[in-house]
Amino acid sequence: MEPGEIAQLSVADLRARFVDAAEPLSEAVAAALAADPRAGARDVLAAVERRRSGNRVEGQRLRALLTYETELWDRGVGRIAGVDEAGVGTLAGPVIAAAVILPRGLRPRGLDDSKQLDARARERLCAEVKAGAMAWSVGAASPVEVDSINVYQAGLLAMRRAVEGLALRPDALLVDARRIPELAIPQQGIVKGDAKSLSIAAASVVAKVTRDALMAEAEVRYPGYGFARHKGYGAPEHLEALRRLGPCELHRRTFAPVREVLDGGPRQRDLFGAE
């Protein structure tokens, strides 16, 4: 567009082109908008500048989240899998882990630790990650396995299964807060890794979305517990339903609120420590 055309367009047309459709804005056209006597035209320029500023901030945030990946890429490590899990602290349902290998150029806007995102953002980002990833996989540990080996070990088991399910063998792993045993792949555990590594954040989102979908399906199979809403966590609604209906097949028998209903038996003494 030529700067002289700005005055011939309505403010609504300018907004549709430069704000809604994000049409590129040259310096000359930006100057024409700044000089336009119409306040609405200048508002369009202000909206474009806010978007540009937001894009710069987001770009810097995403570059910071790629610090661990960039160090490995620069050393010639090509396929880096981020690994994370969801559902460790719930009273019911499986632990779900995900492993994701992102290509170097994929930087999904807004990707972050799944706990910082609302459900709609997680769904959008999960779809974008799956579509753009070099490979992705999920692994699960059942409630029975959680009760049998403890939830910490079950989380590691789900992570190992996710890594082993990848269609491409990773050259290195970035793992949220731990190291996965029985894998002959170089790995690094990063405390709060889902907030420090883009690959781990991607795995966090895929694991969370996958598990939420499973718990929504569980609501149909086991009505009355509210699984679609609380996803198996110890919400008041869940605790009341547990007392009223008793445990179902998805409940973790060794977790205290479930054991209290069953009246006795072994408990998970330490949710985050190996036994």
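Nothing fancy with the numbering, it's 1 onward along the sequence.
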Inset, instruction - For the residue pair Arg161 and Ser137, confirm or rule out a side-chain donor-acceptor distance under 3.5 Å. - result: no
If you look only at distance, which donor and acceptor atoms sit under 3.5 Å apart when one is on a side chain in residues 71-78 and the other is two or more places apart or in another chain?
unit_1	atom_1	unit_2	atom_2	d
Trp73	NE1	Gly78	O	3.3
Asp74	OD1	Arg104	NH2	2.9

Inset, instruction - Just do the side chain to side chain contact (heavy atoms under 4.5 Å, CB included) check on Leu183 and Met159 with the steps written out, would you? - result: CA-CA 10 Å; Leu183 285 179; Met159 286 181 167; over 6 Å; no
Inset, instruction - Could you tell me whether Glu27 atom CD has more than 12 heavy atoms of other residues or ligands within 6.0 Å of it? - result: no
Legend entry - Side-chain ion pair, Arg160 and Glu164, N-O less than 4.0 Å: yes
Inset, instruction - Examine distances only and state if a side-chain atom of Glu85 and a backbone atom of Ile96 form a donor-acceptor pair shorter than 3.5 Å. - result: no
Inset, instruction - Identify which one of Arg244, Arg229, Lys231 satisfies the salt bridge (Lys or Arg N to Asp or Glu O under 4.0 Å) criterion when paired with Glu237. - result: Arg229
Legend entry - Plane angle bin for His251 and Phe227 - parallel if under 30°, tilted between 30 and 60°, otherwise perpendicular: tilted
Legend entry - Distance, nearest 0.5 Å, that separates NZ of Lys196 from CG of Leu174: 12.5 Å
Legend entry - Test item: Arg122 side-chain N/O and Leu117 main-chain N/O as donor-acceptor pair under 3.5 Å: yes
Distance-only donor-acceptor pairs under 3.5 Å for side chains of residues 186-194, two or more places apart:
unit_1	atom_1	unit_2	atom_2	d
Gln187	OE1	Ile180	N	2.6
Gln187	NE2	Ile180	O	2.9
Asp194	OD2	Lys115	NZ	2.9

Inset, instruction - For the pair Asp118 and Arg120, find out whether any cationic side-chain nitrogen is under 4.0 Å from an anionic carboxylate oxygen. - result: no
Inset, instruction - Can you measure from OG1 (Thr90) to CZ (Arg252) and round to the nearest 0.5 angstrom? - result: 3.0 Å
Inset, instruction - Could you pull out the closest heavy-atom pair between Arg109 and Arg124, with the gap in Å? - result: O-NH2, 3.3 Å
Legend entry - Rounded distance (nearest 0.5 Å) linking atom CD1 of Ile101 with atom CH2 of Trp136: 13.0 Å
Legend entry - Spacing of Arg63 atom CZ and Leu198 atom CG [to the nearest 0.5 Å]: 12.5 Å
With a cut-off of 3.5 Å and sequence neighbours excluded, list every side-chain donor-acceptor pair involving residues 200-207.
unit_1	atom_1	unit_2	atom_2	d
Ser204	OG	Ser114	N	3.2
Ser204	OG	Ser114	OG	2.8

